[in-house]
Amino acid sequence: MERSISLDSIQMLKITKEMGIDTVWDRYEKQQPQCGFGETGLCCRHCLQGPCRIDPFGTTGPKLGICGASADTIVARGLARNIAAGTSSHSAHAKHLAHTLLKWSRGEAPDYGIRDQQKFYRVLDRVGISREDKTDQQLAGELAKLCLEEFSEREEAPVWLKTTITKARMEKFEKLGIVPLGLDSVVAEIMHRTTNGVDADPINILLASIKCAIADYSGMYMGTDLSDILFGTPAPVMSTANLGSLKVNAINVAVHGHNPVLSEIMVAEAMKMADEAKAAGASEGFNLVGICCTGHEVLMRHGIPYATNSLSQELAIVTGALDAAVVDYQCIMPSLPEVAKRFHTAIITTMPITKIPGATHIEFDEEHAGEKAREVLRLAIEAYKKRDPAKVNIPESRNNAMAGMSAESILSVLSLLDANDPLKPLIDNIVNGNILGVCLFAGCNDVKITQDKFYVTLVKELAANNILILCTGCAAGSFARHGLLTPEATEKYAGPGLKAVLTALGHAAGLNAPLPLALHTGSCVDNSRAASIATAIANKLGVDVSQLPVVATAPEAAMEKALSIGTWAVAMGLPTHVGVVPPVTGSPLVVQVLTQTAKDLLGGYFIVEPDPKLAAEKLVAALKERRQGLGI
Ligand code: BF8
Ligand code: SF4
């Protein structure tokens, strides 16, 4: 199988071959054939009597685990734990930001502040905190404490859930008994009920998994709110993407991981320390670039170039020009220090929960944020001095990329067409058929799929069908690296209706060109932004999100986080496509619930389709069905 369609990845992979460096693709090959029990979800290790395996063909092998758990029980329990892991990751990210805000409110984190006061006040009003006679510090303290309370079990739904979804959706969740009562408590509940001897009813377990995913949504929404308050709500910004964004005359520092809490400070300090970098011989100072979702956070807010999405993170080192990779948490390959051994790159871990053997650990804390960022940057300067020019191979490929399309900036662009009623132009164009519907592209790169191929093929098909594209995470990274976040891509690939709308909007926004083919709405946590737009449209039309012509896709999903996001997208009522088959096929019952029964219960359902053309057909059909339901 072809490893990647990205020119920079292909070029770097030639070097890894010549140098005998193993990458994620080599390690994947060494894992072949992968275990069929694991692939189908039919392996259980939830107690020490296991591992237990069920015969996937239901013929001669065991039909039950040692405790009596059936294939359906084992598959449902495995999926539930995947979703709980995804939920805990996004929620921990939000919790970290809540602690940062709390520390700032107490004067303990002076490098931070309220960067978007309007949003701060809007969020306070929405969550019901009175602003009367209080300073911003006091309000920040109250908000942070309310956030932290959301993690434990309470007697009511999380505020970030009940204030952000339609009334009809909330009633549905209540009726189905799937309202989570706390972001951490729901994860603990999943761990409890999926251990040996608790919940054996696959349907009951799946409902609990959906409840957990709803908590995931709520934590992600909180994460986005807090990031915007602390670091500013993104506005349209132009930048570049690909490994070609590395510069030979600069000290190249990649910020990698997910949480902007350190990278924001790094961006500010790197500017202040440009002279130190120049004194070390780098005439262009520091060149910060992004990898994974930390990369999206700084691209969205500061136009920092996006080096690569997840799968080719090792290849950034292989350019020989990456002086340091500074990582926080999630999606960071433990292999980075091993690859870096062959070059001069400093791999710097910064979080107490993410240490990697072979990396240098500089523990970050918000109380000393600026100081820690400077320490990290000085380590990058030292590494730069050891750079070997003979090993420098920066790929030429570099694309322009427009980002910064938060819900607020999308609304403000729309308001240029109708200042009093910004959603109206969008709704009108959906109703008149210029736009068939909206598709949110999310999710990872997965080594089981040629890197970026599914994304690029599918997005071209959908755009040709006049589907408005939003994107986040590695999906957005893929589009950035393939020049699809540009007006030129709109000219080339958008169907006539979509092109007309994006052109009108782009010209109204003063771009003198159409808006990009895909609107980059942020990191994975920022999938909440797309959800907020869908909810606003549904509220305006007086319908539920499950009736709107809106779909989601994670064609190259890899991480447990993608499963939790996909599951809350289904819970919100969206037909949700995945291109990689999750480990559930060992239970026809679980597959049926996720792909069919969910539609009756929630309106949303999973579409599992590994072929891009067929996936496009199914997504278009799902949008048409929704349009028919609305009579448009
Ligand atoms: O949270 S898309 S590989 S980088 S998990 Fe990770 Fe997947 Fe990329 Fe961001 Ni999201
Ligand atoms: Fe086997 Fe049951 Fe233990 Fe799982 S929980 S390992 S199926 S005995």
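Position 1 is the first residue of the sequence, and the numbers go up from there. Indexing begins at 1, ligand by ligand and atom by atom, following the structure's order.
Ranking protein heavy atoms by distance to atom 6 (Fe) of ligand 1, first place goes to C331 SG, 2.2 Å. With hydrogens left out, the protein atom closest to atom 3 (S) of ligand 1 is C444 CB, 3.3 Å, a heavy atom. Closest to atom 2 (Fe) of ligand 2, if we only count protein heavy atoms, is C67 SG, 2.4 Å. Scanning the protein heavy atoms around atom 4 (Fe) of ligand 2, the nearest turns out to be C44 SG, 2.3 Å. Ranking the protein heavy atoms by distance from atom 1 (Fe) of ligand 2 puts C52 SG, 2.3 Å first.
The two atoms that bring I214 and A571 nearest to each other are CG1-CB, 3.9 Å, heavy atoms only. Listed here is the closest heavy atom pair of P234 and S409: O-OG, 3.6 Å. The two atoms that bring G65 and I54 nearest to each other are N-CD1, 3.6 Å, heavy atoms only.
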- Could you walk me through whether L470 and V438 pass side chain to side chain contact (heavy atoms under 4.5 Å, CB included), step by step? CA-CA 7 Å; L470 306 179; V438 181; 4.1 Å; yes

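Salt-bridge annotation for D452 and R481: present, with a side-chain N of the basic residue lying under 4.0 Å from a carboxylate O of the acidic one. Note on K119 versus D228: salt bridge recorded, some NZ/NE/NH1/NH2 to OD/OE distance being below 4.0 Å.
Q313 and H256 are linked by a side-chain donor-acceptor pair at a separation below 3.5 angstrom, with hydrogens and angles left out of the test. Using modelled atom types and a 3.5 Å distance limit, the side chains of T233 and R301 yield no donor-acceptor pair.
For residue H258, no N/O/S atom approaches atom 6 (Fe) of ligand 1 to within less than 2.8 Å. For residue C47, an N/O/S atom approaches atom 3 (Fe) of ligand 2 to within less than 2.8 Å. Between atom 10 (Ni) of ligand 1 and C474 there is no N/O/S contact shorter than 2.8 Å.
Residue-ligand proximity, G50 to ligand 2, at heavy-atom distances under 4.0 Å covers atoms 6 (S). Set against the non-hydrogen atoms of C293, the atoms of ligand 1 under 4.0 Å away are 1 (O), 4 (S), 9 (Fe). Within the listing of ligand 1, atoms 1 (O), 2 (S), 9 (Fe), 10 (Ni) sit less than 4.0 angstrom from a heavy atom of C524. Within ligand 2, counting atoms from 1 as listed, the ones closer than 4.0 Å to a heavy atom of R77 are 4 (Fe), 5 (S), 7 (S).
Taking 4.0 Å as the cut-off, A558 does not count as a neighbour of ligand 1 on heavy-atom distance.
Checking only distances, S310 never comes within under 3.5 Å of ligand 1, N or O to N or O.
Note: H296 and H520 meet the aromatic proximity criterion, with ring centroids under 6.0 Å apart.
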